Enquirer: 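Structure below; questions to follow.
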There are 2 protein chains.
Amino acid sequence: MHQASGHNHRRCIAAALHSADRLCAGSGTRMTALRRKVLAYVWRGHDAVKAYDILARLGGDAHLAKPPTVYRTLQFLRAQGLVHRLESLNAFVGCPQPGKPHEGQFLICSRCGLVREIHEPAIADAVAEGATAAGFRVERQMVEVQGLCAKCR
Amino acid sequence: MHQASGHNHRRCIAAALHSADRLCAGSGTRMTALRRKVLAYVWRGHDAVKAYDILARLGGDAHLAKPPTVYRTLQFLRAQGLVHRLESLNAFVGCPQPGKPHEGQFLICSRCGLVREIHEPAIADAVAEGATAAGFRVERQMVEVQGLCAKCR
DNA sequence: GTCAGCAATGTTATAATATAGCGAGAGTTC
DNA sequence: GAACTCTCGCTATATTATAACATTGCTGAC
C-alpha cells in the first residue's frame, strides 16, 4: 500500500465517505455499510486496489464474501463516480473529486504504486481532436501513464 | 471479426508477415511457423483478438495448443513490435507500422470492433507535459479511446 | 557430420480476474 | 401488512494469465 506521506490520510478517507453520502443522497441511492466498507478500503492508501484484495479483506471479517459481492459494490461505486478502474492494472482507485463528471488521466508510479489522477484539458482535447480527425466519435477516453512519481525518480 | 471493406485484406496480412520476416532477420530472432500462424490470425481482420480465440484456432489444427504457447508467442510478437495489447479489452491487435518505435493511440469502435492505431504527436506531447507538470517521469503511455468509427456513427 | 548449447515449444498445474443467474432479506410505500 | 424494489448472498462457472519443468530441434564450432 502506498500512503503519501506529509498528509493526514484519515482526512482523505473521511472526505471520500462524506462525498459518498452526499452523492447518494443526491441520486436517491443508498450508501450502505458494505459500500462504505469497500470505499474505505479502496481509500486505504493512494494506490490501486485489486478486487480480490477487497474480497480477502471482507472475508477477514468472518463474513467470507464472494466475488459478486465485491464486483457489484465496485460497479456501484464506479457508477457514482466514487471509484475508477485502471484498465492497465485491472485494479481500482478512489476518485479524489467525485461528483464532477470528468475525463481523468492517471499517472501510475511503477515503483511505489502511487496513482495520481489529473485532469488536463489539453490531453483530453488532443485525444478528441486526434480521434475526430480519424473519423471517430469519442465515447470514453482512457489515458494511463506508467512512470515514476516525483518521490521515486 | 471486423474486415474493413474497400481493401484487399490479404495484402494487410502479407505485409504483416513480410514485416515480421524483416524484423526478425534484423534482430537475430526466428520467425517460426507458430509465430507466423499466430500473427496471421491476429491479422485476420482489423479488430482485436482474444488470446483464447487464438488458442482455439491453434487447437483446431488438432494440435491442441495450451495457453502458455499462445501467451509466449504473443509476448514475442509484442517484443518485436508486431502486435499491441489493448489493455481495456484484454486483447491483441496487429501493428500496422511495426519496426518504428512509437507511442501509439488506439481508437476502438464499440459497435463493430474496428481498432485503428494512430500516432498523434500532439497527444503524446500533451500527456508527457501533463505528467511532467505533476512531477512524473513517463515510461509508457496508454491511450485507448472507445467510440464509434466513421462507418458506425 | 556431430555434438554442445541454446532457442523454441510442449506439458501440467494453478493463479488471478470476472460474470451469470437465482434466491433471501431488508427497507419503503401505500 | 402487502406489494415493491433495492441490496446482498450464494452457487457455479467463465475468462484471462503465469509458474515451473520437460522435450524438441535449430545452429554453429569443430
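For clarity, every value in this text was computed on a predicted model and none was experimentally measured. Reminder, nothing fancy here: chain letters follow the sequence lines and each chain counts from 1.
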Enquirer: Counting just side-chain N and O atoms, does B:Thr32 come under 4.0 Å of either OP1 or OP2 of C:dT9?
Expert: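 Yes.
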Enquirer: Is A:Arg137 salt-bridged to A:Glu139, going by a charged N under 4.0 Å from an acidic O?
Expert: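 Salt bridge flag = no for A:Glu139 with A:Arg137.
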Enquirer: Whole Å only: how far is the CG atom of A:Asp53 from the P atom of C:dA18?
Expert: 12 Å
Enquirer: Measuring to OP1 and OP2 of D:dG9, would you say a side-chain N or O of A:Thr69 lies under 4.0 angstrom away?
Expert: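 It does, given that an N or O in the side chain of A:Thr69 lies less than 4.0 Å from OP1 or OP2 of D:dG9.
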Enquirer: How is the hydrophobic cluster of B:Met142 composed, in terms of its other members, when Ile, Leu, Val, Met, Phe, Trp and Tyr link through side-chain heavy atoms under 4.5 Å apart, directly or indirectly?
Expert: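 Traced through the cluster, B:Met142 reaches A:Met142.
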Enquirer: Look at all strands and tell whether B:Arg72 reaches a base, only sugar-phosphate, or nothing, counting heavy atoms closer than 4.0 Å.
Expert: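 Touches a base.
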Enquirer: Round to the nearest Å and state the distance from A:Leu86 atom CG to C:dA16 atom P.
Expert: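 One finds 19 Å between P of C:dA16 and CG of A:Leu86, rounded.
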Enquirer: Round to the nearest Å and state the distance from B:Leu34 atom CG to C:dA7 atom P.
Expert: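 The answer, rounded to whole Å, is 17 Å.
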Enquirer: Within this structure, what is the CZ-to-P distance between A:Phe76 and D:dT7, rounded to whole angstrom?
Expert: 6 Å
Enquirer: Output one letter per nucleotide in nucleotides 14-19 of chain D: B when a protein non-hydrogen atom lies under 4.0 Å from the base, S when only the sugar-phosphate is that close, - when neither is.
Expert: --BBBB
Enquirer: Is it the case that A:Arg35 places NZ or CZ above or below the six-membered ring of A:Phe76, under 6.0 angstrom from the centre and within 45 degrees of the axis?
Expert: yes
Enquirer: Just do the salt bridge (charged side-chain N to carboxylate O under 4.0 Å, His left out) check on B:Glu87 and B:Arg140 with the steps written out, would you?
Expert: CA-CA 13 Å; B:Glu87 304 289 349; B:Arg140 180 177 168 237; 3.3 Å; yes
Enquirer: Using a 3.5 Å distance criterion without hydrogens, assess whether the side chain of B:His46 forms a donor-acceptor pair with backbone atoms of B:Gly94.
Expert: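 Here the side-chain-to-backbone pair does not exist.
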Enquirer: Send over the distance from B:Lys37 NZ to C:dA8 P, rounded to a whole Å.
Expert: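 In whole Å, C:dA8 P and B:Lys37 NZ are 17 Å from each other.
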Enquirer: Measure the distance from CD on B:Glu87 to C1' on C:dA18 and round it to the nearest whole Å.
Expert: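 Spelled out: CD on B:Glu87 to C1' on C:dA18 is 17 Å.
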Enquirer: Regarding D:dG25, can its base be found pairing with the side chain of B:Arg30 as donor and acceptor, where the two atoms are less than 3.5 Å apart?
Expert: no
Enquirer: Show me the donor-acceptor pairs, under 3.5 Å and distance only, between side chains in residues 118-130 of chain B and residues at least two apart or in other chains.
Expert:
| unit_1 | atom_1 | unit_2 | atom_2 | d |
| --- | --- | --- | --- | --- |
| B:His119 | NE2 | B:Glu117 | OE2 | 2.8 |

Enquirer: Indicate, with yes or no, if the rings of B:His84 and B:Phe92 have centres closer together than 6.0 Å.
Expert: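 Centroid separation for B:His84 and B:Phe92: 6.0 Å or greater.
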Enquirer: Please report, rounded to the nearest Å, how far the P atom of C:dT11 is from the NZ atom of B:Lys66.
Expert: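 Atom-to-atom, B:Lys66 to C:dT11, this comes out as 6 Å.
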Enquirer: Between A:Leu58 (CG) and D:dC10 (C1'), how many Å, whole number?
Expert: 15 Å
